[in-house]
Protein chains: 2
Amino acid sequence: MKDGMTEKSLTGRLRSAGLRPTKQRIALGNLMFEHGDRHFTAEMLHEEAVRDNIPVSLATVYNTLHQFSGARLIREIAVEGAKTYFDTNTSNHYHYFIESEGRLMDVEASESPMVKTPEPPEGYEITQIDVLVRLRRKTTG
Amino acid sequence: MKDGMTEKSLTGRLRSAGLRPTKQRIALGNLMFEHGDRHFTAEMLHEEAVRDNIPVSLATVYNTLHQFSGARLIREIAVEGAKTYFDTNTSNHYHYFIESEGRLMDVEASESPMVKTPEPPEGYEITQIDVLVRLRRKTTG
DNA sequence: ATTTGTGCAAATCGTTTGCATCTGA
DNA sequence: TCAGATGCAAACGATTTGCACAAAT
């Protein structure tokens, strides 16, 4: 809403991906992208949409997230448990995960662990390297 | 079966963890540990047990895996999707994951990516760093 | 008009739980 | 004996699916 350009380029990116720019996809896209880099689950995004009076079903949120993921507009992050997280930052970067809060954060580039790409086994190539730095609240003392 | 020592020390390790060395736990422990480092899901281990005529329910397999995990005899690996993987190698090491096959492998120590521990955010401490190297079959050509 | 997307509810999948029964110290 | 373990089936939570209805080109 705050920025016509954002909406226009989102529409264009959807079309390039062969996705019709529907009300729901535009609205969800705006929610995802208008506040910078974000990490969320399908359920979180759905609740946010509902709070914003965007009529959209959870099934459509899942569809949209997977379609956006396929179009490389966002990416999935493997954490664990049942929940799947999504990230609007598709560039190469790593994550902190605070287990007790179920919260994901980007590792700042300056703090980013240096990962030397290993030699993959014969016949295979590396598609991606995920680094998850697990955190817990420091016990005072 | 092949080695009395293995079974004896497993019994001991179970006792130390406050776990009674029951038929099922011993049998599952032997399955897990007798072939060196292994990666598996609860369901894989259950099927293997059934094939070996070890009477054990899937619920008990889950219980056992979590108890062993709590006792640091094995560890969980976050991959993604619903499935949880377990690893008999509890030392610090990283993994390859072949998505198309759902298969996990250890990254050989010599090939291990060098990860520089990042500075955690204020008030938090790092409990673990997971590195998952995603692979796909190389297309010939 | 035709194709694609959406919403609902039911179905699925991995995992967990409640509870009656069994087992090991 | 009896606390702890097991097995079954029902319960669960996240995600997916089938299908009738609605919206986009």
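Protein chains get the first letters and strands the later ones, always in sequence-line order, with residue 1 at the start of each.
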Review point. Of all residues at least two apart in sequence or in a different chain, which pass the ring-ring contact (aromatic ring centres under 6.0 Å, His included) check with A:His95?
Key: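 Checked A:His95 against ring-ring contact (aromatic ring centres under 6.0 Å, His included); matches are A:His39, A:His93.
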Exercise for review: Could you check if a side-chain atom of A:Phe86 sits within less than 4.5 angstrom of a side-chain atom of A:Leu45, using non-hydrogen atoms only?
Suggested key: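 No; the side chains remain at least 4.5 Å from each other.
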Exercise for review: Anything under 30° is parallel, anything over 60° is perpendicular, the rest tilted; go ahead and classify A:Phe97 against A:Tyr85.
Suggested key: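 Geometry flag for A:Tyr85 against A:Phe97: perpendicular rings.
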Check your understanding: Considering all heavy atoms of both residues, which atom of A:Pro118 and which atom of B:Val133 are nearest to each other, and what is their separation?
Key ->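 Heavy atoms only, the tightest pair is CG-CG2, 4.0 Å.
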Exercise for review: Return the minimal non-hydrogen interatomic distance between B:Glu76 and B:Ser69, and the atom names on each side.
Suggested key: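 The pair with the smallest heavy-atom distance is CG-OG, 3.7 Å.
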Exercise for review: Find the distance B:Phe86:CZ to C:dG14:C1' and express it as a whole number of Å.
Suggested key: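 Roughly 11 Å, once rounded to whole Å.
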Point to revise | For B:Pro121, all residues meeting side-chain contact (heavy atoms from CB on, under 4.5 Å), sequence neighbours excluded | key: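 So B:Pro121 forms a side-chain contact (heavy atoms from CB on, under 4.5 Å) with A:Tyr96, A:Met105, A:Leu135, B:Tyr124.
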Check your understanding: Mind checking what makes side-chain contact (heavy atoms from CB on, under 4.5 Å) contact with B:Ala27, not counting sequence neighbours?
Key ->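 Expected list: B:Ile54.
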Exercise for review: Establish, for the pair A:Arg75 and A:Phe68, whether the NZ or CZ atom is under 6.0 angstrom from the six-membered ring centre and no further than 45 degrees off its axis.
Suggested key: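 Not satisfied by the 6.0 Å and 45° rule.
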Check your understanding: OP1, OP2 of C:dT16 versus side-chain N and O of B:Tyr62: anything below 4.0 Å?
Key ->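 So the side-chain polar atoms of B:Tyr62 never come under 4.0 Å of the phosphate oxygens OP1 or OP2 of C:dT16.
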Review point. Looking at B:His66, does any N or O in its side chain come under 4.0 Å of the phosphate oxygens OP1/OP2 on C:dT16?
Key: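 So the side-chain polar atoms of B:His66 do come within 4.0 Å of the phosphate oxygens OP1 or OP2 of C:dT16, strictly under.
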Check your understanding: Can you name the side-chain hydrogen bond (donor to acceptor under 3.5 Å, both in side chains) partners of B:Ser91, sequence neighbours left out?
Key ->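 B:Ser91: side-chain hydrogen bond (donor to acceptor under 3.5 Å, both in side chains) contacts with B:Asn89.
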Exercise for review: Using the test side-chain hydrogen bond (donor to acceptor under 3.5 Å, both in side chains), find all partners of B:Arg136 that sit at least two apart in sequence or belong to another chain.
Suggested key: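 In terms of side-chain hydrogen bond (donor to acceptor under 3.5 Å, both in side chains), with neighbours along the sequence ignored, B:Arg136 is linked to A:Glu125.
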Keeping to residues at least two apart or across chains, list the salt bridge (Lys or Arg N to Asp or Glu O under 4.0 Å) pairs with something in [range].
range                      : value
residues 15-30 of chain A  : none
residues 84-106 of chain B : B:Glu99-B:Arg134, B:Glu101-B:Arg103, B:Glu101-B:Arg137
residues 44-72 of chain A  : A:Arg38-A:Glu48

**Study point:** Nucleic acid contacts of residues 37-53 of chain A, taken as heavy-atom distances under 4.0 Å to DNA chain C
**Key:**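 Result for residues 37-53 of chain A: none.
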N/O-N/O pairs, protein side and nucleotides 5-9 of chain C side, under 3.5 Å:
{"unit_1": "C:dG5", "atom_1": "OP1", "unit_2": "A:Arg25", "atom_2": "NH2", "d": "2.5"}
{"unit_1": "C:dT6", "atom_1": "OP1", "unit_2": "A:Thr22", "atom_2": "OG1", "d": "2.7"}
{"unit_1": "C:dT6", "atom_1": "O3'", "unit_2": "A:Gln24", "atom_2": "NE2", "d": "3.0"}
{"unit_1": "C:dG7", "atom_1": "OP1", "unit_2": "A:Gln24", "atom_2": "NE2", "d": "3.3"}
{"unit_1": "C:dG7", "atom_1": "OP1", "unit_2": "A:Pro55", "atom_2": "O", "d": "3.2"}
{"unit_1": "C:dG7", "atom_1": "OP2", "unit_2": "A:Ser57", "atom_2": "N", "d": "2.9"}
{"unit_1": "C:dG7", "atom_1": "OP2", "unit_2": "A:Ser57", "atom_2": "OG", "d": "3.2"}
{"unit_1": "C:dG7", "atom_1": "OP2", "unit_2": "A:Thr60", "atom_2": "OG1", "d": "2.7"}

Check your understanding: Just the endpoints, please: which first and last nucleotides of DNA chain D, 5' to 3', lie under 4.0 Å from a heavy atom of chain B?
Key ->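 Range of nucleotides touched by chain B: D:dA3 to D:dC8.
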Exercise for review: For the helix from C:dA1-D:dT25 to C:dA25-D:dT1, measure the angle between the helix axis at one end and the axis at the other, each built from five pairs, rounding to 10°.
Suggested key: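 The helix from C:dA1-D:dT25 to C:dA25-D:dT1 shows an end-to-end axis angle of 30°.
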